[in-house]
Protein chains: 2
Amino acid sequence: MCSAHDDLTARAVIRDRALELFAAQGPDAVTVRRIAAAAGVSPGLVIHHFGSKERLRAAVDEHVAGVFDDLFTRAATGGLDMTDGASLAEAFLRQLPPGSPVPGYLRRLLLTGDAAGTGIFRRWFTAGRTMTEALVARGLLGPGRDPEVRTAFLMVNDLVLLLLRDQLAEVVGIDPLGPEGAVRWAEEVLDIYRNGLFGTEGESAS
Amino acid sequence: MCSAHDDLTARAVIRDRALELFAAQGPDAVTVRRIAAAAGVSPGLVIHHFGSKERLRAAVDEHVAGVFDDLFTRAATGGLDMTDGASLAEAFLRQLPPGSPVPGYLRRLLLTGDAAGTGIFRRWFTAGRTMTEALVARGLLGPGRDPEVRTAFLMVNDLVLLLLRDQLAEVVGIDPLGPEGAVRWAEEVLDIYRNGLFGTEGESAS
DNA sequence: ACGCGGATTGAACAAGCGTTTAATCTATTG
DNA sequence: CAATAGATTAAACGCTTGTTCAATCCGCGT
């Protein structure tokens, strides 16, 4: 019932530790006892506050959905600085405290095809749709012949940095969402979005 | 020890059923007893052949890595028809039997950060690097100022269709890797890669 | 025909799981 | 201060898990 803030009731502490552990290792791999230990309480109290492990997971889902609700409304009302433009994921990441478990949890939600994850995905998509429509209306973007697919393409190009961040960091040698990696990534991506893949020097293929 | 082919030894049957179940629900959610039932054998036999559930999972990892090895060498030796060019993931999917559990298993490997998944990711990246270098050498692609990031960008744009296929299908209303969705997706993506995002009609913004 | 080794099984095991229960602590209220 | 309701706990329960073990089946070489 209570939202984020600095809520240090036992219930909130349990929920937060569960979120962290679930994000790191997946709900199936985390036992109620481990959550209780991480929260500094007894296993019984976890059940007493949430009814069951499944309902605790649902509470974590709901909490994460609430965090994203905040982010989406803040993005819609212009409360986010999208100065460098390209990446919603990066803007989100800046809003969350460093090392927040929320991105990792979203990763798991999307992996398992969880309904909560699909809901966030859908809201993300409609948010992206609204933003591109606004850019088209202001003439900053071509109309596009298939706007739905275009929005989805841009969206997942962005979201995938959250999903494959670790693998990209290891292979390319730089964290694409870190301070240095983000600009290097954005430069290349914006160059492709502006000039296409073919001919950076100005000549263009078929 | 034995490779794919039509290996119908009990060991191979167990491995294949485990692969399917792991891909569908994740290794943690699948019990040895369920695998044994799906393979039509006793739980004890599963352990007898693989030593432990963990080693069975490792055997499945190895097997999937072998499948991708085949795909990569076939792609390197030109054994794949990349006529429509853009998507390695789609070309891979065409090589696998319909309904193959391998893509789903790869999804789990990548999103859980598994070491086997990172290995496949790395091979995928170097394969993509070689391909773009070949295209640059033949003048079909601009040199690019940040070739590593560009290759990674193109690669994950492609790979993400495998990761978020279900969510994309539900939100956009069409399976981006299905027969119809693939062409619709490829048209839009290639248009962006050729002409950029701005001004399909030919005018370009800053 | 015989025996021998691997394949296979059903039953059992210990351990860990989520959950329950009864008791204890704590703090607020009348 | 006494009483009461919720927070909290330790211990236990039933169940499922991965794994073990002894016994049985099956095919193959001599």
Side-chain angles (χ1 to χ4, degrees), chain A residues 1-63 105 108-109 112 114 116, chain B residues 1-64 105 108-109 112 114-116:
Chain A
M1 301 303 172
C2 37
S3 70
H5 307 315
D6 45 354
D7 188 349
L8 30 64
T9 71
R11 206 188 121 97
V13 171
I14 293 170
R15 199 231 299 118
D16 290 347
R17 294 301 160 277
L19 166 57
E20 291 166 10
L21 290 169
F22 286 171
Q25 315 179 237
D28 292 340
V30 177
T31 71
V32 171
R33 283 169 173 83
R34 294 248 323 270
I35 299 169
V41 300
S42 73
L45 192 63
V46 176
I47 302 295
H48 173 252
H49 276 307
F50 292 92
S52 71
K53 184 186 180 184
E54 177 60 29
R55 301 240 299 273
L56 166 58
R57 222 210 49 199
V60 173
D61 280 5
E62 212 172 333
H63 178 245
Y105 196 78
R108 293 228 181 250
L109 284 180
T112 60
D114 198 289
Chain B
M1 300 301 172
C2 38
S3 70
H5 307 315
D6 44 354
D7 189 349
L8 30 65
T9 71
R11 206 187 122 97
V13 172
I14 293 170
R15 200 231 300 118
D16 290 348
R17 294 300 160 278
L19 167 57
E20 292 167 10
L21 289 170
F22 286 171
Q25 314 178 239
D28 292 339
V30 177
T31 70
V32 172
R33 284 167 172 81
R34 293 248 323 268
I35 299 169
V41 300
S42 73
L45 192 63
V46 176
I47 302 296
H48 174 252
H49 276 306
F50 292 93
S52 71
K53 183 187 179 182
E54 178 59 28
R55 300 240 299 273
L56 167 58
R57 222 210 49 197
V60 172
D61 280 4
E62 212 173 330
H63 177 244
V64 169
Y105 196 79
R108 282 214 137 68
L109 286 180
T112 59
D114 197 288

Which pairs of donor and acceptor atoms, one on a side chain in residues 37-50 of chain B, lie under 3.5 Å apart (sequence neighbours left out)?
residue : atom : partner : partner atom : Å
B:Ser42 : OG   : B:Leu45 : N            : 3.4

Report task. Sugar-phosphate atoms are those with a prime plus P, OP1 and OP2; base atoms are the rest. Using that split, label each nucleotide of nucleotides 11-24 of chain C B, S or - for protein heavy atoms under 4.0 Å, 5' to 3'. Result -> -B----BBBB----
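The two atoms that bring A:Leu109 and A:Thr112 nearest to each other are O-OG1, 3.4 Å, heavy atoms only. Contact between B:Ala23 and B:Arg108 at its shortest, heavy atoms only, is O-NH1, 2.8 Å. Of all heavy-atom pairs between B:Leu21 and B:Ile35, the closest is CD1-CA, 3.9 Å. In plain terms, the two heavy atoms of B:Gln25 and B:Val30 that are nearest each other are CB-CG2, 4.1 Å.
Applying the salt bridge (charged side-chain N to carboxylate O under 4.0 Å, His left out) test to residues at least two apart or on different chains, the pairs with a partner in residues 18-45 of chain A are A:Arg17-A:Glu20.
Rounded to an integer number of Å, the gap from B:Arg11 CZ to C:dA7 P is 10 Å. A:Phe50 places its CZ atom 14 Å from the C1' atom of D:dA7, with the value rounded to the nearest Å. As a whole-Å value, the separation of B:Leu21 CG from D:dG18 P is 12 Å.
Residues meeting the side chain to side chain contact (heavy atoms under 4.5 Å, CB included) test with A:Ser52, sequence neighbours left out: A:Glu54, A:Arg55. In this view, B:Ala58 satisfies the side chain to side chain contact (heavy atoms under 4.5 Å, CB included) rule with no residue, not counting sequence neighbours.
Look at A:His49 and you'll find a side-chain N or O under 4.0 angstrom from OP1 or OP2 of D:dT8.
If one axis is set at each end of the helix from C:dA1-D:dT30 to C:dT28-D:dA3 from five pairs, those axes are 0° apart, to 10°.
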